[in-house]
Structure formats: structure tokens, C-alpha cells
Amino acid sequence: MLHTTPGLIDAIRARFAHVDTCPFQGPRVFFENAGGALTLKSVVETSARFAAIPDNQGRDNVASHALIDIINTAKADLSVFMNAPTGQFFAGESGTELLFRMIRTACVNAPKGSKVIGSSIEHPASRSAARRWADIAGLDYVEVPHNDDTGLVTADAYRAAMTPDVSVATILHASPVTGMGMDVAAIAKVIRSVSPDCFIIVDGIQHAAHGQVDIDSYGVDGYAISPYKVFSRHGYGIAWISGRLTALPHDQLIDAPADGWEFGTRDTGSYAAMSDVVGYFDWLGAQVSEVSDRRARIEAAGRAIHTYETHLTNAMINGTGNLPGLRDMDHVHILAGADNPAREGLVSIVVRDVPSAEVVSRLNEQGIRTHIRKADHYSGNVLNPLGLSDCIRISLCHYNTEQEVAQLLAAVNEMAP
Ligand SMILES: Cc1ncc(COP(=O)(O)O)c(C=O)c1O
């Protein structure tokens with residue numbers, strides 16, 4: 001495990017900016033990773049370097065050729081990182097914008113009278129896009145209910161709602177409210193077994209930082225991530241699309257190459273920053289395995305991240321040292337079950353008799369950053385069926401430590417009535 005290799009957690013933390021100090025607040029523990037993970041120092045340096053370059057792509061000069069090479073290298077890096085040997089990667093405004101673009105394209109090209117399927121567990125990015133564009137394209141929208149107790153939607157739940165006339169499907173990889181990861185490959189397989197040509201689009205935004213993206217094994221057509229949630233920076237999103245989705249008529253300039261999905265001039269630095277992210281996973285894989293193949297190292301990093309994050313969430317739930325875990329605190333309720341094997345680095349709780357906003361602010365006063373999720377248009381789909389107006393989201397990444405978990409437990413324990 002990451003923390004059993006001497007010095008490794010320190011070496012990991014040294015690669016990130018603002019690990020234990022907020023430039024606005026001072027010392028702080030960062031448990032708001034689902035809102036935006038820490039940024040790699042290499043990404044900060046790369047972004048500054050490229051921000052100073054005036055040149056554009058598509059010119060016949062040395063700088064322009066270099067920029068194109070850097071973008072192509074980043075796309076090749078992404079295809080190893082996400083195991084996508086076919087199809088293409090492109091950048092957009094944000095993960096949300098890319099989900100809208102992919103879903104819109106699939107819907108407006110779908111046969112009239114066909115259906116769009118998605119689940120109530122999804123973030124509004126994909127749910128809103130699917131409902132809006134189903135409506136505009138004259139398609140029926142079918143909602144697959146998630147399980148309130150587990151915070152998950154299963155392949156069986158999709159199976160029960162699937163019909164051969166479903167032409168577009170959306171899947172959430174991991175929930176930013178419950179923290180649970182879905183079995184994307186199993187869900188996609190069920191969809192294809194009933195409607196083989198269905199266009200399947202996945203929201204991987206919350207999942208990506210927890211490692212183990214393996215697009216080739218999913219059998220899907222689109223996958224979106226938000227780079228600032230996977231150790232890069234704000235300002236763009238990255239999508240992968242299959243050859244089939246690439247070929248659908250889509251928004252683009254008249255007479256532009258048919259397979260182009262990018263809009264306008266690209267930010268080369270944003271692509272170069274993704275190469276930094278891939279380089280980081282590669283480095284981490286080399287610390288935890290002996291394998292020489294790059295993809296194998298990235299997979300080893302993903303497994304190590306998942307194992308260590310589970311160790312941390314288990315410590316949070318079951319206790320560490322002589323501190324009781326969240327499950328042992330009578331005033332704390334854990335969403336989606338204390339022993340949920342689908343958990344990906346996130347624990348959402350409510351504290352009895354203390355409003356969630358107050359919990360978040362009392363933790364902030366002690367330098368512990370968490371976030372409230374409200375039953376609004378972002379999280380109401382998960383919280384309303386549970387009869388909750390809000391909850392506190394504690395989200396971690398593999399650079400967090402057991403000591404930080406202990407700080408959180410001590411602070412929450414003190415909130416007992
Ligand atoms: C699962 C999921 N989908 C979509 C989004 C929206 O991402 P962005 O704001 O980066 O477009 C988020 C952000 O929290 C998310 O967690």
C-alpha cells in the first residue's frame with residue numbers, strides 16, 4: 001500500500017501544490033477533492049510556460065509545429081492513460097459542456113421515435129443534457145431508478161428498463177454525492193445486449209482521480225472528464241469519443257475535416273498539462289510496481305490509489321488509533337451504508353441536530369475543508385428520496401493521510417450533543 005512504502009506519501013504530497021496550506025486561509029486539511037482535486041506542481045509550471053507563448057496551431061513555423069506535436073503527444077498519452085486505442089480525444093469548455101455536446105449529437109442523429117435512457121443517480125450534467133435533447137429530438141426519456149440504500153444504479157436496474165428502441169444511453173461512473181462507483185462495463189453490456197447500436201455516453205468526471213479508467217473494456221461511445229478533478233487545472237474538459245460517434249454529423253465549421261470535433265483555437269498548455277497528469281500516474285506506478293510497460297504502470301497506480309483510498313475511508317468509518325469511527329458516533333449517519341464496497345474515496349454524512357452548513361463551517365474553523373451538498377438541482381435527485389435537505393461531503397484523494405482523517409474524526413466527535 002502507498003503508506004507502507006517508506007517516504008512514498010511524502011514524495012506524493014511533494015508533487016502537489018497547496019497540500020496542507022490554503023493561500024487564503026492558512027493551514028488546512030483538504031477533504032474537498034470531489035469539488036476539485038489538488039493541482040500537480042508540474043501542471044502549474046507547464047501552464048505558466050505555455051501561457052507566455054503567442055503562437056497558434058496550424059502555421060508553418062517552428063513554434064506552431066511544436067505546439068501541434070505537443071497536442072498530439074498529449075492525445076497519445078491520454079489514450080494510454082484511459083486505455084482507448086481507437087476513437088479520439090478532444091478538449092472543450094468543461095466536462096459538462098462536453099457531455100452536452102456528445103449527448104446532443106447522439107440525440108439529434110437518433111432514429112425518430114426511439115428512446116434515451118439514463119439513471120436518477122446521474123449528475124445533472126448528463127441528466128439535463130439527455131432530457132433536453134431527447135425532448136428537442138422527439139425521443140422518449142426513460143429513467144432507471146437508483147437504489148437509495150446503496151447510492152448506486154446496477155446493470156440489472158438498466159436491464160429492467162431496456163428496450164430495443166433505446167438509441168442513446170447515459171451512465172454515471174461515480175457519484176459525487178454518495179461516492180459510489182458504478183459497474184460501467186456491466187451496464188453497457190446489458191444496454192448493448194438489448195440494443196446493440198445504442199450510443200452510450202459516460203460521465204467519468206468524479207471517477208477519474210481515483211484511477212483505473214479503462215475505456216476499451218467498457219464498450220461505450222463517449223467518456224468525459226474534468227481535468228481539474230484529476231490533478232490538472234480549471235478551464236477545460238476532455239472527452240473521448242468512439243469512431244462511430246466521431247462520424248455522426250455534428251457541430252463544426254463548413255467544409256472542415258469531417259472527423260474534427262474541436263471548436264476554435266486550442267489551448268496547447270491545457271493539453272500539455274494532461275501529459276503531466278499521465279506522467280504523474282506513470283511515476284506513481286513505478287513506485288508501486290516493477291512493471292516496464294507504461295499502461296501496466298498506470299494500472300498499478302490505479303490499483304494502489306484505490307486500495308489506499310479504501311484504507312482511508314475505512315479509517316474514517318471504523319476509526320483510527322483510539323478515535324471512534326463515524327459509524328460509532330451516535331450523532332452521525334453515513335449515506336449509502338457504512339460497509340459499501342463500491343465506495344470511491346468519499347463519505348457523505350449528516351450530523352444529528354447540527355445543520356450541515358454549520359458542520360461545514362465548524363470544520364472550516366478548525367482548518368478542515370469539506371462541502372455541503374443540498375437537495376437542490378445538483379443533489380436533490382439523491383437527497384430528496386432519503387428525506388434529507390442536505391449532507392456533508394468528505395472527499396479524499398490518495399495524497400490525504402490517516403493523520404488528516406484523525407483530525408476530522410476528532411472534530412466530528414466533538415459535535416456530539
Ligand atoms: C459526476 C459529475 N459530473 C459532472 C460534473 C460537472 O463538472 P464540471 O463542472 O467540471 O463541468 C461534476 C462536478 O462536480 C461531477 O462530479
Side-chain angles (χ1 to χ4, degrees), residues 30-39 43 82 90-104 118-133 144 146 151-153 169-184 187 200-213 218 220 222-240 263 267 270 273-274 277 309 335-336 342-348 360 369-383 390-397:
F30 196 68
F31 283 144
E32 225 295 76
N33 290 284
L38 295 180
T39 309
V43 164
M82 294 165 78
F90 63 100
E93 171 191 335
S94 64
T96 299
E97 185 267 330
L98 289 165
L99 285 168
F100 263 82
R101 209 186 318 173
M102 291 188 284
I103 293 166
R104 176 175 81 226
S119 168
S120 53
I121 193 66
E122 286 169 41
H123 183 279
S126 56
R127 267 188 306 125
S128 313
R131 281 183 182 272
R132 173 171 163 75
W133 286 97
V144 183
H146 69 275
L152 278 171
V153 64
T170 54
I171 306 174
L172 175 68
H173 203 152
S175 165
V177 185
T178 68
M180 304 309 162
M182 321 298 147
D183 189 342
V184 170
I187 294 172
I200 304 176
I201 291 146
V202 181
D203 174 351
I205 292 170
Q206 168 64 20
H207 173 77
H210 305 289
Q212 301 178 308
V213 180
Y218 303 151
V220 300
Y223 195 98
I225 63 168
S226 290
Y228 72 95
K229 287 193 202 264
V230 58
F231 320 135
S232 182
R233 61 165 160 87
H234 288 275
Y236 66 119
I238 293 283
W240 169 85
F263 283 163
D267 170 3
S270 70
M274 287 316 297
V277 170
E309 288 182 351
L335 272 66
R343 189 179 302 284
E344 293 193 354
L346 191 157
V347 184
S348 282
V360 169
R369 187 80 48 87
T370 59
H371 182 49
I372 186 171
R373 298 304 320 191
K374 295 183 188 154
D376 56 10
H377 64 293
Y378 279 113
S379 309
N381 55 320
V382 175
L383 297 178
D390 45 48
C391 70
I392 303 115
R393 180 177 72 187
I394 309 158
S395 54
L396 49 82
C397 266

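Whatever order the structure lists them in is the order used to number ligands and atoms, beginning at 1. Every heavy atom of this structure was used, including side-chain atoms; hydrogens, water molecules and symmetry mates were not.
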- prompt: Which atoms from ligand 1 have a heavy atom of Pro176 less than 4.0 Å away?
  reply: 1 (C), 16 (O)
field: Contact atoms of ligand 1, heavy-atom distance to Gly95 under 4.0 Å
entry: 11 (O)
message: Is Lys229 close enough to touch ligand 1? Criterion: a residue heavy atom under 4.0 Å from a ligand atom.
response: yes
- prompt: Are any side-chain N or O atoms of Ser348 and backbone N or O atoms of Val177, one a donor and one an acceptor, separated by less than 3.5 Å?
  reply: yes
query: Does Leu172 have a non-hydrogen atom less than 4.0 Å from ligand 1?
result: yes
- request: For residues 227-240, pull every pair meeting salt bridge (Lys or Arg N to Asp or Glu O under 4.0 Å), keeping only residues two or more places apart or in separate chains.
  value: Arg233-Asp267
query: Does the His207 side chain pair with the main chain of Gln212, one donor and one acceptor, at a distance under 3.5 Å?
result: yes
field: Numbered atoms and elements of ligand 1 in range of Ser94, under 4.0 angstrom, heavy atoms
entry: 11 (O)
Leu335 side chain reached by Thr178 side chain, heavy atoms, under 4.5 Å: no
- prompt: Relative to atom 5 (C) of ligand 1, which among His123, His234, Glu97, Glu93 owns the nearest non-hydrogen atom?
  reply: His123
Student check: side-chain heavy atoms of Ile121 and Leu152 closer than 4.5 Å: no
- request: May I ask you to decide if the ring planes of Tyr378 and His123 are parallel, tilted or perpendicular, using 30° and 60° as cut-offs?
  value: tilted
- prompt: Under 4.0 Å from any heavy atom of Ser226, which atoms of ligand 1 are there?
  reply: 7 (O), 8 (P), 10 (O), 11 (O)
task: Taking side chain to side chain donor-acceptor pair (under 3.5 Å) as the test, write out the residues that go with Arg101, two or more places apart.
output: Glu97
message: What protein heavy atom lies closest to atom 6 (C) of ligand 1? Include the residue and the distance to one decimal.
response: Thr96 OG1, 3.3 Å
- prompt: What do you reckon, does Tyr228 put a non-hydrogen atom under 4.0 Å from ligand 1?
  reply: yes
message: Counting non-hydrogen protein atoms only, what is the nearest one to atom 3 (N) of ligand 1? Give residue, atom name and distance.
response: Asp203 OD2, 2.6 Å
